[in-house]
Novice: 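There's a structure below that I have some questions on.
What you see is a predicted model, and the numbers here were worked out from it, not measured in a lab.
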Amino acid sequence: MGAFDLTIGGLFLGCSINLYLYGLVFNQYLTYKTSKFDDRIWLRVLVAILFVVDTSQTAVSFYAVWYFLVENYTNPSVLNNVVWMLPFCCVTTAISALGVQSFLITRLYRFTRRFRLYIALIVAAVVAFVCGTIACIQCGIIFDATKLGPVIPLATVWTVTLASVDIIITVTLSKELWRRKTGLPATNTIIHRCIRASIQSGLFSSVFALANIAGFFFWNNTYVYLIFGWPSGRIYSNSLLYTLVARKEHAEIANRTVEIQLTQSFPFSSYP
């Protein structure tokens, strides 16, 4: 293993994965904007805020790579410093997670009407945001990347709480959707797509969150954790935008099924 595999290597891989996921976010954001959904103002504002956060985080992560690989190419000791770009990107992840989880929790409440579960999940999401923000700020204050041990407990609470909320949302929402299955093929197809999207988004966000804290715990004096930490916010944004954009496809499936049923009931083509 090379001398910079766990530092420059982690930085480069994290930035590359983050860029790829930002491309997906950008594409879905354009699809959302051009689809003319009649969403409430708070939801449109949330989508716009997340897009700004994702764009700024991606730009700052690029500058971080430039800072380490170009500006300080002959100064490897700078790798021991927690420069401002690293805490900034972590804070943006906390913001993205809070916004998306709040939306998903609210949607879950509309399905289940379980008020206590709603309050518990909202509190957990806020606790995760506060812990994550404080942990990121503490990293910037400590500055020395080799002395981040005191931040590990708070960072652990942040990521474990994030993963727990994601898993609870995924399991509860999937069970509720499964209960709503009907005998109609179109409805069942849409429900299956929603369940699959919920499981995929919850699984990816949970895995990245736990891998992030594992990298930070075992290699806290390196940048291995950035491989999973930087892209985490884009995973949350992608899960929200996919949920919103998929409504257009679901409507087309429902309409196409109705047209097929009408054609079968009234086979106009058989008449001369």
Side-chain angles (χ1 to χ4, degrees), residues 1-25 53-73 75-97 128-129 131-163 166 204-238:
M1 181 176 291
F4 299 104
D5 287 3
L6 299 181
T7 50
I8 296 299
L11 191 78
F12 177 77
L13 287 177
C15 185
S16 300
I17 298 173
N18 185 64
L19 177 61
Y20 171 76
L21 293 176
Y22 176 75
L24 299 180
V25 169
V53 169
D54 290 335
T55 302
S56 61
Q57 194 269 1
T58 302
V60 170
S61 67
F62 259 105
Y63 175 66
V65 173
W66 176 272
Y67 177 83
F68 285 109
L69 297 184
V70 180
E71 289 188 17
N72 291 277
Y73 178 76
N75 182 25
S77 63
V78 75
L79 293 171
N80 294 325
N81 300 334
V82 182
V83 293
W84 68 269
M85 294 83 78
L86 305 182
F88 175 87
C89 292
C90 293
V91 170
T92 58
T93 298
I95 294 173
S96 297
F129 170 75
C131 291
T133 303
I134 295 176
C136 295
I137 294 174
Q138 284 185 342
C139 288
I141 294 174
I142 295 175
F143 193 67
D144 189 343
T146 63
K147 299 179 180 180
L148 296 180
V151 183
I152 291 179
L154 201 58
T156 302
V157 173
W158 173 33
T159 53
V160 171
T161 305
L162 277 182
D166 291 333
F204 276 111
S205 58
S206 300
V207 168
F208 269 68
L210 295 177
N212 181 24
I213 191 57
F216 190 74
F217 183 83
F218 292 106
W219 300 282
N220 61 355
N221 59 340
T222 69
Y223 292 143
V224 171
Y225 65 94
L226 294 181
I227 299 175
F228 304 97
W230 272 0
S232 294
R234 312 301 79 68
I235 292 178
Y236 281 105
S237 299
N238 270 301

Novice: So, do F68 and V83 sit near enough that their side-chain heavy atoms are less than 4.5 Å apart?
Specialist: yes
Novice: Is it the case that more than 12 heavy atoms not belonging to W66 sit under 6.0 Å from its CH2 atom?
Specialist: no
Novice: When rounded to the nearest 0.5 angstrom, what distance separates CG in L226 from CG in L86?
Specialist: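 Nearest 0.5 Å value for the CG-CG distance: 6.0 Å.
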Novice: What orientation do Y225 and Y223 show, parallel under 30°, tilted 30 to 60°, or perpendicular over 60°?
Specialist: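 Geometry flag for Y223 against Y225: perpendicular rings.
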Novice: Between N72 and Y67, is there a donor-acceptor pair closer than 3.5 Å when you use the side chain of the first and the backbone of the second?
Specialist: yes
Novice: What distance do L13 atom CG and I8 atom CD1 have between them, rounded to the nearest 0.5 Å?
Specialist: 11.5 Å
Novice: Flag the pair P231 / Y20 as yes when at least one side-chain heavy-atom distance between them is below 4.5 Å, and no otherwise.
Specialist: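 Not touching, per the 4.5 Å side-chain cut-off.
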Novice: Do the side chains of V82 and I142 get nearer than 4.5 Å, heavy atoms only?
Specialist: no
Novice: In chain order, what residues pass the side chain to side chain contact (heavy atoms under 4.5 Å, CB included) check against F228, with sequence neighbours excluded?
Specialist: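 Applying side chain to side chain contact (heavy atoms under 4.5 Å, CB included) to F228 gives F208, A211, N212.
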Novice: Kindly write out the residues that satisfy side chain to side chain donor-acceptor pair (under 3.5 Å) with S205, not counting sequence neighbours, or none if the list is empty.
Specialist: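 For S205 the side chain to side chain donor-acceptor pair (under 3.5 Å) partners, ignoring immediate neighbours, are D166.
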Novice: Name all residues meeting the side chain to side chain donor-acceptor pair (under 3.5 Å) criterion together with D144; count only those two or more places apart in sequence or in a different chain, and write none if there are none.
Specialist: T146
Novice: Applying side chain to side chain donor-acceptor pair (under 3.5 Å), can you list everything that pairs with N238, at least two apart in sequence or on another chain?
Specialist: Q28
Novice: For T55, check side chain to side chain donor-acceptor pair (under 3.5 Å) against everything at least two apart and list the hits.
Specialist: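 T55: side chain to side chain donor-acceptor pair (under 3.5 Å) contacts with Y22.
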Novice: Is any side-chain heavy atom of V25 closer than 4.5 Å to one of L21?
Specialist: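 SC-SC contact between L21 and V25 ruled out.
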Novice: Compare every heavy atom of V224 with every heavy atom of G215, then report the nearest pair and how far apart it is.
Specialist: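 Minimum heavy-atom contact is CA-CG1, 4.4 Å.
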Novice: Is there a side-chain contact between V53 and Y236, using heavy atoms and a 4.5 Å cut-off?
Specialist: no
Novice: Can you give me the closest heavy-atom contact between A128 and W158, atom names plus distance?
Specialist: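 The pair with the smallest heavy-atom distance is O-CD1, 2.9 Å.
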Novice: Heavy-atom count around F88 CZ within 6.0 Å, excluding the residue itself: above 12?
Specialist: yes
Novice: Determine the minimum heavy-atom distance between V151 and C139, stating which atoms define it.
Specialist: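 Shortest heavy-atom separation between V151 and C139 comes out as CG1-SG, 3.7 Å.
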Novice: To the nearest 0.5 angstrom, please state how far the CZ atom of F218 sits from the CD1 atom of I213.
Specialist: 10.0 Å
Novice: What closest approach, in Å, do C89 and W230 show between heavy atoms, and which atom pair accounts for it?
Specialist: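 Here C89 and W230 meet closest at CB-NE1, 3.2 Å.
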Novice: Starting at OG of S96, measure out to CZ of F129 and round the result to the nearest 0.5 Å.
Specialist: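 Result: 10.5 Å between the selected atoms.
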Novice: Roughly how far apart are S16 OG and L11 CG, rounded to 0.5 Å?
Specialist: 9.5 Å
Novice: Working to the nearest 0.5 angstrom, can you tell me the gap between S56 OG and I95 CD1?
Specialist: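 Going from OG on S56 over to CD1 on I95, the span is 8.0 Å.
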Novice: Is the closest side-chain heavy-atom distance between E71 and Y63 below 4.5 Å?
Specialist: yes
Novice: Mind listing the closest non-hydrogen atom pair of C136 and P87 along with its distance?
Specialist: O-CB, 3.3 Å
Novice: Write out all pairs satisfying salt bridge (Lys or Arg N to Asp or Glu O under 4.0 Å) with one or both partners inside residues 53-63, taking only residues at least two apart or from two chains.
Specialist: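 Residue pairs with at least one partner in residues 53-63: D54-R234.
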